[in-house]
Amino acid sequence: MKLNERSLAFYATCDSPADNAGFLYKRGERHTAYHRRWFVLKGNMLFYFEERESREPVGVIVLEGCNVELCDSAEEFAFAIRFGGAKSRTYVLAAESQAAMESWVKSLSRASFDYMRLVVRELEKQLEEMRWGPVGGCGGCRGSPSSWKQKPLGLEQSPEQLPALPAIPPKENGCAVWNNVPGANRPPDPSGSGGHDGEGNSRPLPLPPRRRASSSEVGSARAVTAESPSTFCQLHERYGQEVAQLRQDWLERRHGPRP
């Protein structure tokens, strides 16, 4: 692993909160003598300095793939950080009291990302049990939240059982060509067959051709529409009169009756 010394030195001495800090006795790698060092634990990195006021750390221990356990040593309150592998180094440290040793062993054991991953998985499991209950609580009737989907309401019937929608009448220039009421305002059949073919089957009425109407034709068309209004036109005119009457009453109440 390649580490940037400047970045590590800045991270070790910056104002970010430390998970644990204090004096520990560290045994040397070549010499078995113990040296008093100032240790700072941040995340999964254990920095140690010669003095508490030192500006740069002497070394750093990355707490990944290691075990923290008590060990027998000449110093009291000693514990070791052991890494897997034949050529890996074992760091032997000693605290100044029993309480300090227990605090450091607990902090170092929880510093790795592997431990954090186990904690997150356990919390996710507990959250899932709180939401959906135990997995085997009802014979496996409840699945995981990702596999559970709520069935839509009102769609249990098959498409064959759903009622048929009413047919939409054809439109010409945005307006219905024929009246919505069956048989109303239907143009007479010039052939005299009443909208049926020779075998008695009903056939659709022919639609008028689409073309642009002149101004005179528009006026005549409006006159014809006024003589035979459709159901929609009747409703539109009726509610339009009611709205106009309500507006007139509101204006009279606001400004007073007109002279």
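Of the possible polar contacts, one joining the K42 side chain to the Y11 backbone as a donor-acceptor pair under 3.5 Å is found.
Interatomic distance, E56 CD to R6 CZ, rounded to the nearest 0.5 Å: 10.0 Å. To the nearest 0.5 Å, atoms SG (C66) and OH (Y91) are separated by 10.5 Å.
Residues A111 and G43 approach most closely at CB-O, 3.3 Å, considering heavy atoms. Between E64 and S112, the shortest heavy-atom distance links the atoms OE2-CA, 3.5 Å. Smallest separation of non-hydrogen atoms from W104 and G22: CZ2-N, 3.6 Å. Across all non-hydrogen atoms, the minimal contact from S103 to N20 is OG-ND2, 3.4 Å. Considering all non-hydrogen atoms of both residues, V40 and A18 come closest at CG1-CB, 3.9 Å. Residues I61 and Y48 share a closest heavy-atom pair of CG1-CE2, 4.1 Å.
Using a cut-off of 4.0 Å between Lys/Arg side-chain N and Asp/Glu carboxylate O, E96 and R36 are scored as salt-bridged.
Proximity of I81 to F83: side-chain heavy atoms (C-beta onward) are separated by under 4.5 Å at one or more points. A heavy-atom distance below 4.5 Å is found between the side chains of F49 and T13. The shortest side-chain heavy-atom distance between L63 and Y115 does not fall under the 4.5 Å cut-off.
Sorted by first and then second residue, the salt bridge (charged side-chain N to carboxylate O under 4.0 Å, His left out) pairs involving residues 74-94 (not counting sequence neighbours) are E29-R89, E69-R82.
The ring-ring contact (aromatic ring centres under 6.0 Å, His included) search around W38 returns F23, not counting sequence neighbours.
Each of Q245, R247, R253 was compared with D249 under the side chain to side chain donor-acceptor pair (under 3.5 Å) criterion, and only Q245 meets it.
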